[in-house]
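As structure tokens, the structure follows; a few thoughts come after it.
We name chains A, B, ... by the order of the sequence lines, and we start the count at 1 in each one.
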Protein chains: 2
Amino acid sequence: MNNGRFPISLHILTLLASSAGELLSSDYIAGSININPVLVRKEISNLRNFGLIESKEGKNGGATLAKPADKIRLSEVYHAVQQASLLGNSKNKPNPDCPIGKQINLHLDHLYEDIEGALLHRLEKMSLADFLRQFQ
Amino acid sequence: MNNGRFPISLHILTLLASSAGELLSSDYIAGSININPVLVRKEISNLRNFGLIESKEGKNGGATLAKPADKIRLSEVYHAVQQASLLGNSKNKPNPDCPIGKQINLHLDHLYEDIEGALLHRLEKMSLADFLRQFQ
DNA sequence: TGTACTGTAATAAAGTCAATTACAGAATGA
DNA sequence: TCATTCTGTAATTGACTTTATTACAGTACA
């Protein structure tokens, strides 16, 4: 979760979960998040690829959840927006002639995997329905 | 851990831990990480502020650990490089007129705190000595 | 007293991310 | 059928962030 995409995707999903199956337009969603509608459509497109959202083109189109909110784990949202590693992506190119530099990316990766595992464990325990339930 | 500073700081500390109290110059360290020496000196300055490193100016100067490697927890490194929140810093300005937008930052913050706690717990369990021990 | 360092500021260059513009295509309904 | 209202997506711009670079004062040593 390096990026601002996680909160955006979660915001979108929360809106959809709260709207009881009604189709929401990207303009409406963008208005709630206060970002550009094109960015919303990009995130929706991504979430659709991960099977979390369905969308309908054309007039009166929009987006809706692809499955019930209690069947969507926050870990799925994480996976959907995740490309790079959690802690500073290893775009380092350490000196291969240095005994430490030569190996450090390997050990950093192990550390990141370990931590990411702990993070995913937490996210897996919470569903979108759980998250929405906190709102009053 | 939004940034590439964590791996840089950990790299620096690992080099120092592996050099048995010898002073290492910023140029040497920069050569191992393959980044600019000024950036190394900035990170060293920061780590010094957090009591993890000592440095000596002038000829034959350089940096060394301020305490034994088994007394440095990776959580301390995390705290030293950390400014922003873990998952996408909440620079979102959601629409306060939307019932979801109005509350979401609060709930996102709770979620982030929960996850950051899990992350810190893992980092606290590993010392710099443990990390270095993985290198052969 | 020259050399080899650190410490730090200031600037430039590179890279990243979001906003914007633009437009094709789909569904609706008058 | 055809104007309208949406999505989907590409391309560009602009804002911002990060890193590299340059510059130089200060410190320690031999």
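Of the possible donor and acceptor atoms, one in the side chain of A:S19 sits under 3.5 Å from a partner among the backbone N and O of A:L16. When atom types are taken as modelled, the side chain of A:N34 and the backbone of B:K93 share a donor-acceptor pair closer than 3.5 angstrom. At least one donor-acceptor pair closer than 3.5 Å links the side chain of B:S18 to the backbone N or O of B:L15. Judged by distance alone, with hydrogens and angles left aside, the side-chain atoms of A:N36 form a donor-acceptor pair with the main-chain N or O of A:V38 at under 3.5 Å. Under a 3.5 Å cut-off, the side chain of A:N46 and the backbone N or O of A:A80 do form a donor-acceptor pair. Not a single donor-acceptor pair under 3.5 Å links the side chain of A:D70 to the backbone N or O of A:A129. Not a single donor-acceptor pair under 3.5 Å links the side chain of A:D114 to the backbone N or O of A:L111.
When the P atom of C:dG7 is taken as reference, atom CD of B:E57 falls 5 Å away, rounded to whole Å. Distance, B:F6 CZ to D:dT18 P: 17 Å, rounded to whole Å. Atoms CD1 (B:I8) and P (D:dT17) sit 18 Å apart, rounded to a whole Å. Rounded to an integer number of Å, the gap from CD of A:E54 to P of C:dA26 is 19 Å. Between B:K93 atom NZ and C:dA19 atom P there is a gap of 11 Å when expressed in whole angstrom units. Between B:N60 atom CG and C:dA4 atom P the separation is 10 Å, expressed in whole Å.
Of the residues in residues 17-37 of chain A, those placing a heavy atom less than 4.0 Å from an atom of DNA chain D are A:S25, A:S26, in numerical order. Interface residues of residues 39-50 of chain A facing DNA chain D, ordered by number: A:R41, A:S45, A:R48; criterion, heavy-atom separation under 4.0 Å.
Between A:K59 and C:dA30 there is no side-chain polar atom (N or O) within less than 4.0 angstrom of OP1 or OP2.
Distance check, rounded to the nearest 0.5 Å: CZ of B:F131 to CG of B:L10 gives 4.5 Å.
For A:D27, the salt bridge (charged side-chain N to carboxylate O under 4.0 Å, His left out) test picks out no residue, with sequence neighbours left out.
Both B:V38 and A:V38 lie near DNA chain D, and the one whose nearest nucleotide falls closer to the 5' end is A:V38.
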